[in-house]
A.B. asks: 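Quick one: the structure is below, and I'll ask about it shortly.
This one's a predicted model, so the numbers in the text were calculated from it and none came from an experiment.
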Amino acid sequence: MTGETNNSTVHEMRQEVGAVGFNAALRLISINKSCTLNEAADYVSIRLDRAIEQIEHWRKHGVPPHQVDRVVELLKENKIPFGRHQLKPTNEIVAMYYWRNSN
């Protein structure tokens with residue numbers, strides 16, 4: 001990324017990429033459990049003891065860093081391969097996302 005990319009832009013991109021990752025995780029849960037996306041969100045809400053409103057927030061803004069490991073562990077329990085970087089994107093992933101969307 002260039003020097004002109006400010007911290008708030010990077011933060012917004014990180015959230016956006018994280019939200020894409022979380023929505024992919026929900027899709028994989030829904031496939032694994034043969035249920036709808038909303039039922040998958042309910043499942044995550046119950047298993048992680050979070051309000052459904054929080055899960056909906058994660059769908060738009062990504063999983064907060066302190067919850068990433070819990071989500072990854074839940075996916076592992078369901079035999080769904082998923083990496084932390086898909087929920088908490090690295091600087092390199094954010095840079096690739098920026099490059100891809102600016103060209």
A.B. asks: Between Ser30 and Arg27, which heavy-atom pair has the shortest distance, and what is it?
C.D. replies: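 So the minimum-distance heavy-atom pair works out to OG-O, 2.7 Å.
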A.B. asks: Side chains of Asn32 and Tyr43: does their closest heavy-atom pair fall under 4.5 Å?
C.D. replies: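 When only atoms from C-beta onward are counted, Tyr43 and Asn32 do not touch, as no gap falls below 4.5 Å.
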A.B. asks: Hydrophobic clusters here meaning ILVMFWY residues chained together by side-chain heavy-atom distances under 4.5 Å, can you tell me if Val71 and Ile80 are in one?
C.D. replies: yes
A.B. asks: Counting neighbours of CG on Asn101 that are heavy atoms of other residues, nucleotides or ligands and sit closer than 6.0 Å, is the number greater than 12?
C.D. replies: yes
A.B. asks: Is a salt bridge present between Arg59 and Glu56, judged by a nitrogen-to-oxygen distance below 4.0 Å?
C.D. replies: yes
A.B. asks: Check the hydrophobic clustering (I, L, V, M, F, W, Y; side-chain heavy atoms under 4.5 Å; chains of links allowed) and say if Val44 and Ile52 are grouped together.
C.D. replies: yes
A.B. asks: Please check if the side chain of Arg70 supplies one atom and the backbone of Leu48 the other of a donor-acceptor pair under 3.5 Å.
C.D. replies: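 Indeed, once roles are kept as given, a pair shorter than 3.5 Å links the two residues.
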A.B. asks: Just wondering, do Gln54 and Gln67 contact through their side chains at under 4.5 Å, heavy atoms?
C.D. replies: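 The answer is no; the side chains never approach within 4.5 Å.
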A.B. asks: Which pair of non-hydrogen atoms, one from Phe82 and one from Val72, has the smallest distance, and what is that distance?
C.D. replies: O-CG1, 3.8 Å
A.B. asks: Roughly how far, to the nearest 0.5 Å, is the CZ atom of Arg14 from the CD1 atom of Ile93?
C.D. replies: 9.5 Å
A.B. asks: Closest heavy-atom contact between Pro89 and Gly18?
C.D. replies: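 Shortest heavy-atom separation between Pro89 and Gly18 comes out as CG-N, 3.7 Å.
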A.B. asks: Do the side chains of Ile29 and Asn78 get nearer than 4.5 Å, heavy atoms only?
C.D. replies: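 Asn78 does not reach Ile29 side chain to side chain.
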A.B. asks: According to a hydrophobic-cluster definition based on side-chain heavy atoms being under 4.5 Å apart (Ile, Leu, Val, Met, Phe, Trp, Tyr only), do Leu87 and Val20 belong together?
C.D. replies: no
A.B. asks: Please examine the side chains of Phe22 and Ile55, heavy atoms only from C-beta on, and report whether any two atoms are closer than 4.5 Å.
C.D. replies: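 Ile55 reaches Phe22 side chain to side chain.
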A.B. asks: Can you measure from CZ (Arg47) to CD (Glu73) and round to the nearest 0.5 angstrom?
C.D. replies: 9.5 Å
A.B. asks: Does Asp69 form a side chain to side chain contact (heavy atoms under 4.5 Å, CB included) with Arg84? I'd like the steps, not just the answer.
C.D. replies: CA-CA 7 Å; Asp69 288 334; Arg84 291 184 90 251; 2.6 Å; yes
A.B. asks: Starting from Tyr97, can I reach Val63 by hopping between I/L/V/M/F/W/Y residues whose side chains sit under 4.5 Å apart?
C.D. replies: no
A.B. asks: According to a 4.5 Å side-chain heavy-atom criterion applied to Ile, Leu, Val, Met, Phe, Trp and Tyr, with indirect links allowed, do Leu75 and Leu37 form part of one hydrophobic cluster?
C.D. replies: yes
A.B. asks: In Å and rounded to the nearest 0.5 Å, what is the NE2 to CD distance from His61 to Glu12?
C.D. replies: 10.5 Å
